Amino acid sequence: MGQHETYDVTIVGGGVIGCAIARELTRYDLKTALIEKQCEVGFGTSKSNSGIIHAGHHSSSDTLKGPLEWAGNQLWTQLHQELDFGFERVGELMVAWHPEQLETLKHYKEQGEARGVSGLEIWERDRLFKEEPNLNPDIFAALFAPTAGVVNPYEVCFSLIDSARQNGLDLYVSSQVENLSQIDNSWLIKTANKELKTRYVINAAGLHADTIAEMAGLKTYAIKPRKGEEYMLDGRLKGIVKRIIFPCPSGVSKGVLVIPTFNGTIMVGPTAQNIEDKEDLSTSMEGSSTIFSQVKQVVPGINERDCIAEFAGLRAVADGEDFIIGPSAKKGFINVAGIQSPGLTAAPAIAIKVTNILSDEGLLLNPNENFEPTVPKRVIFANLKTEEQIELAAKDPRYSHICCRCEEITEGEVVEAIHMGAETLDGIKFRTRAGMGRCQGGFCTWRCMELISRELDIPITEVTKRGGNSWIICEHDLEPKSGDKP
Amino acid sequence: MITNRPVHLRKNYDVVISGGGPAGMAAALGAKEAGAEKILMVDREKEAGGILWQCIHNGFGLHHFKEELTGPEYAQRYLEQVIEHEIDILTDTYLYDIDREKNIKLMSGEHGINLIDSKSVILAMGARERTRGAVRIPGSRPAGVLTAGLAQKFVNMKGYLPGRKVVILGSGDIGLIMARRLVLEGVDVVGVFEIMPHVNGLSRNVVQCLHDFDIPLHLSTTVARIHGNERVERITVAPVDETMQPILSKSWDIECDTLLLSIGLIPENELSRRINLRFDPVTTGPIVNSSMETSIDGVFACGNVVHIHDLVDFVSQESLLAGRGAGEFITDSRNPADNIRLIPGDNVAYCLPHTISTDREHTIYMRVRKPMEKCTIQFGDVYGRKLAYVYPAEMVTIKMRPKLLQDFHGDFLRVNVVPR
Ligand SMILES: Cc1cc2nc3c(=O)[nH]c(=O)nc-3n(C[C@H](O)[C@H](O)[C@H](O)COP(=O)(O)OP(=O)(O)OC[C@H]3O[C@@H](n4cnc5c(N)ncnc54)[C@H](O)[C@@H]3O)c2cc1C
């Protein structure tokens, strides 16, 4: 093998944490890389979560989580202005059923206020039902937190990485880190088909952070998966609640949330179940019945019949339940592990914290004079004014073809997503929403396959759902070989 | 390719039809027949004909043409008539938006985005298939879980297979037909699994598609879990108890790479919802009168948008009425208003239209909730009709002659299906 690429900092793992760190580092004059094993960034836990930017008052102050949740929360407004992803501060209501729970509401209010979380208010019934008439009338009171918001978490990862690449980051996808070794003052990182040298390694490998740490010779922590199932409901229920609804925490279970996602779809979940298998993203009968029985108590108008899709995500839980962020016994190897909830919320603050750690560890941070904070605005056809749509379609006929009818995504948007790096159906789905609606790809699957095939110049049989062996169609004239890619 | 593409789009039409499938085509002919002049039928596919193009099996047209046709043949016959009658067909065009004043936004591959208006509108967008989420099948989410209709498109329109070893969940007609189709293509079809104790498709399809090809049918059995991270590797099936819950102690695993879903169709009414039509909670389609007119004057609906049909012949019949209704609306020659409401009673899931009149003959379409042998369909106490059997998968059609209602003066009729 010839000369290795040499970097100042290499991030292992392209979840929201890795992407946020990558983007933050490109503010400085550094040579940076990010290595992700999946075909796209964000395809780990970072696309399978509740998408909530927590208000800032949830986590207790004696953890790393607490201050990072609030610090992160405050950074989202600017991030949203610079990068082009869906985000709205819809606010949150923590609802209480009994007068005794008022104490709990007050506790969270005080915890938040001590940290500087603004606008926290306890709403009594009158105010509550005026604002949220579809809540169960038996609810007693609620703590309102206007700072809470919702994002499309997968879009966040794409925007962060697009911005980082634009500012000089090298991205390697479909590259699993298999080996780490220390030579002289740097690290050698090996994947199946690549070797690169780097002074600093940031371990942001989510569920597999313990494996990466072990590769570096550190056996200091274990990461256990904790599964959360979520259920998406038909767009028809849009507006049934306007804010994120949290049940008042009871200690025994965290309770199930009703989430008005950025796109207006209602999502309910998550469950919380400790499991062993880090690949197990299955949903279960128990999960769905737990969720729907609890949710119906909070919002009686919601019914399992309205479910259009479900998914599960795995929280990366470290011993002690807190985040693990900091340098390690191995020089140049920095852990960002155990990033369970509110990891998404905290991501921008974690990125700054990690940058400071790097500086403490001897990395020189000179500003990148060419840093461009914004990314070009994506076209979201359905959100344009009619005159703008007419103009765009006249200029580029790809915007006069509907590809996904449920979400009204045009061919132009799908092609743009492919040019930005989407190579699979899921890649398109999470970049454009094509296939996310009520028909779940019945209409657009073939259209998207054709566009991928055309734009990337690959046979249509090679288009996959999300890489690997996730093939979609096969040819006629081959011998049947079940389980094998034909 | 057949075309009747308008070179220039008008700004105003008499009738705009959303959807060029069997419903849209029959409606177009009805509108023309009743005197409408400027008719535009739009369809988002490259050719009109709707789902018929991928239904290459026979069994179409027995009622209407009195001969057995394939889907494409049936489509072709209608399309020729539509062209003969000089009705504008705009394909590769999506009816993007509509309001209650019938202002329409079209998105056309050829003409870009256009704002037009129409005196009357016919909604004929058809239906979509229910997906995995609707039945919340537990397990992983690999590639290889798809609706039977999408598989039909892959095989019949595109020439590819959805997989090599296939399990089918649900005994809807598309699933039954695809079971046979895939066997003919050399695919290993392990079986059809139906959670209900009875089949959901037509009995002729059970015989011709499953029995004749030795494809096992498992009633009261469902898919309890999907396995495989990238592609389907295995599924767990299990019999269900009386509450439809799988009995996991009796489950078994099947190795396969594909799971087809044939678990029902849902009327496609997103457009109709934008204009706030009134809906029937059972069909989930709009409420319609005997001319297939919805709760908004001049807006008509027909075909699977209104309720799910099992035979295209009935779609054509019903849609012809919708088209005529629209034509009569334009030419101010409408029928007198309906004066009787039909109310579904014992063992009746729904009946259509929702209202009828005493001045002319009506065809009433209905579905029962549960199978029943030797029964009578009663329309209040004015009319009873004996039937040897009824079951939910087969739509019941009844002619209601004006004579029967001569002496009836009430304003509603309750429809009951009762044992004899
Ligand atoms: C159900 C659920 C709901 C949640 N809701 C919220 C919420 O509402 N708000 C909130 O703030 N947080 C929420 N969270 C938490 C949040 O999702 C996580 O904290 C966050 O996504 C963690 O990001 P990450 O980058 O650390 O992990 P990941 O997104 O998992 O990223 C790790 C990446 O590392 C890659 N990787 C692993 N091993 C290797 C290797 N050997 N080589 C190369 N790459 C590798 C993986 O493929 C993956 O892409 C939720 C979590 C779950 C599960």
Side-chain angles (χ1 to χ4, degrees), chain A residues 231-232 235-236 279-288 304-305 307-312 386 389-394 397 399-402 405-406 408 410 425 438-443 445-446 460-461 464-476 478 480-486, chain B residues 44 92-94 96-97 105 107-115 128-129 131-144 146-147 149-150 153-154 157-165 185-188 224-231 233-234 245-246 255-257 266 268 270 273:
Chain A
Y231 293 78
M232 308 284 301
R236 210 154 44 77
E279 309 295 324
D280 174 8
L281 291 168
S282 61
T283 49
S284 66
M285 216 95 80
E286 302 76 44
S288 88
E304 44 267 77
R305 275 205 311 268
C307 180
I308 58 163
E310 70 276 276
F311 65 84
T386 299
Q389 291 178 336
I390 293 177
E391 199 181 314
L392 186 58
Y399 288 94
S400 60
H401 276 126
I402 279 283
R405 62 170 180 207
C406 302
E408 296 180 334
T410 57
L425 284 185
R438 49 177 67 86
C439 92
Q440 290 287 300
F443 182 76
T445 294
W446 181 263
I460 198 145
T461 45
T464 64
K465 181 170 162 63
R466 63 175 102 85
N469 193 34
S470 64
W471 54 277
I472 299 163
I473 51 170
C474 54
E475 300 276 5
H476 266 82
L478 294 169
K481 241 165 106 210
S482 100
D484 237 341
K485 183 175 167 167
Chain B
R44 58 192 175 208
D92 188 16
T93 300
Y94 184 76
Y96 194 80
D97 205 2
K105 180 154 140 193
M107 194 164 166
S108 150
E110 189 173 334
H111 299 274
I113 292 171
N114 277 273
L115 305 175
R128 65 170 184 272
E129 294 179 277
T131 62
R132 174 178 178 181
V135 287
R136 286 172 298 136
I137 307 168
S140 56
R141 265 160 301 284
L146 68 163
T147 61
L150 181 56
K153 179 172 183 166
F154 287 159
M157 308 283 289
K158 310 295 176 189
Y160 294 98
L161 298 178
R164 294 271 156 208
K165 193 167 181 192
E185 292 294 332
V187 173
D188 184 358
R225 202 170 184 85
I226 298 172
H227 308 264
N229 285 338
E230 296 182 340
R231 178 77 195 190
E233 288 166 12
R234 194 161 45 90
Q245 292 306 308
E255 267 187 42
C256 58
D257 59 23
I266 307 173
E268 179 102 317
E270 279 54 61
R273 278 205 186 88

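Keep in mind that the numbers below use all heavy atoms, side chains included, and drop hydrogens, waters and symmetry copies. For clarity, every value in this text was computed on a predicted model and none was experimentally measured.
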Side chain / backbone / both / neither for [X] at chain B, heavy atoms under 4.5 Å:
{"X": "A:Thr386", "answer": "both"}
{"X": "A:Ala394", "answer": "neither"}
{"X": "A:Leu392", "answer": "neither"}
{"X": "A:Glu286", "answer": "neither"}
{"X": "A:Ile308", "answer": "backbone"}
{"X": "A:Arg405", "answer": "both"}

How far does [atom1] of [X] sit from [atom2] of [Y], to the nearest 0.5 angstrom?
{"X": "B:Gln245", "Y": "A:Met285", "atom1": "CD", "atom2": "CE", "answer": "6.0 Å"}
{"X": "B:Asp257", "Y": "A:Trp471", "atom1": "CG", "atom2": "CH2", "answer": "4.0 Å"}
{"X": "B:Glu110", "Y": "A:Ser400", "atom1": "CD", "atom2": "OG", "answer": "10.0 Å"}
{"X": "A:Cys406", "Y": "B:Glu268", "atom1": "SG", "atom2": "CD", "answer": "6.5 Å"}
{"X": "B:Arg136", "Y": "A:Thr283", "atom1": "CZ", "atom2": "OG1", "answer": "10.0 Å"}
{"X": "A:Thr445", "Y": "B:Leu146", "atom1": "OG1", "atom2": "CG", "answer": "8.0 Å"}

Taking all non-hydrogen atoms of both residues, which atom of [X] and which atom of [Y] are closest, and how far apart?
{"X": "B:Ala143", "Y": "A:Ser470", "result": "CB-O, 3.4 Å"}
{"X": "A:Ser282", "Y": "B:Arg225", "result": "OG-NH2, 2.7 Å"}
{"X": "A:Glu279", "Y": "B:Asn229", "result": "CB-ND2, 3.7 Å"}
{"X": "A:Cys474", "Y": "B:Arg164", "result": "SG-NE, 3.9 Å"}
{"X": "B:Met107", "Y": "A:Tyr399", "result": "CE-O, 3.2 Å"}

As an exercise: rank [options] by heavy-atom pairs under 4.5 Å with chain B and give me the winner.
{"options": "A:Gly287, A:Cys307, A:Ala393", "answer": "A:Cys307"}
{"options": "A:Glu304, A:Glu391, A:Arg305", "answer": "A:Glu304"}
{"options": "A:Arg438, A:Lys465, A:Arg236", "answer": "A:Arg438"}

**Choice from B:Leu161, B:Thr93, B:Ile113 maximising heavy atom contacts with chain A below 4.5 Å** = B:Leu161
**Request:** Return the option, out of B:His227, B:Glu185, B:Arg231, with the maximum number of heavy-atom pairs under 4.5 Å with chain A.
**Result:** B:Arg231
What part of [X] gets closer than 4.5 Å to chain A, counting heavy atoms only: side chain, backbone, both or neither?
{"X": "B:Glu270", "value": "side chain"}
{"X": "B:Arg273", "value": "side chain"}
{"X": "B:Ile137", "value": "backbone"}
{"X": "B:Tyr160", "value": "both"}

**Complete:** ring-ring contact (aromatic ring centres under 6.0 Å, His included) filter on A:Phe443, not counting sequence neighbours, yields none
**Prompt:** Is the side chain of B:Arg141 donor-acceptor paired with the backbone N or O of A:Phe311 at a distance under 3.5 Å, no angle test?
**Reply:** no
**Message:** Checking B:His111 now: which residues fulfil side chain to side chain contact (heavy atoms under 4.5 Å, CB included) with it, not counting sequence neighbours?
**Reply:** B:Leu9, B:Leu90, B:Ser108, B:Asn114
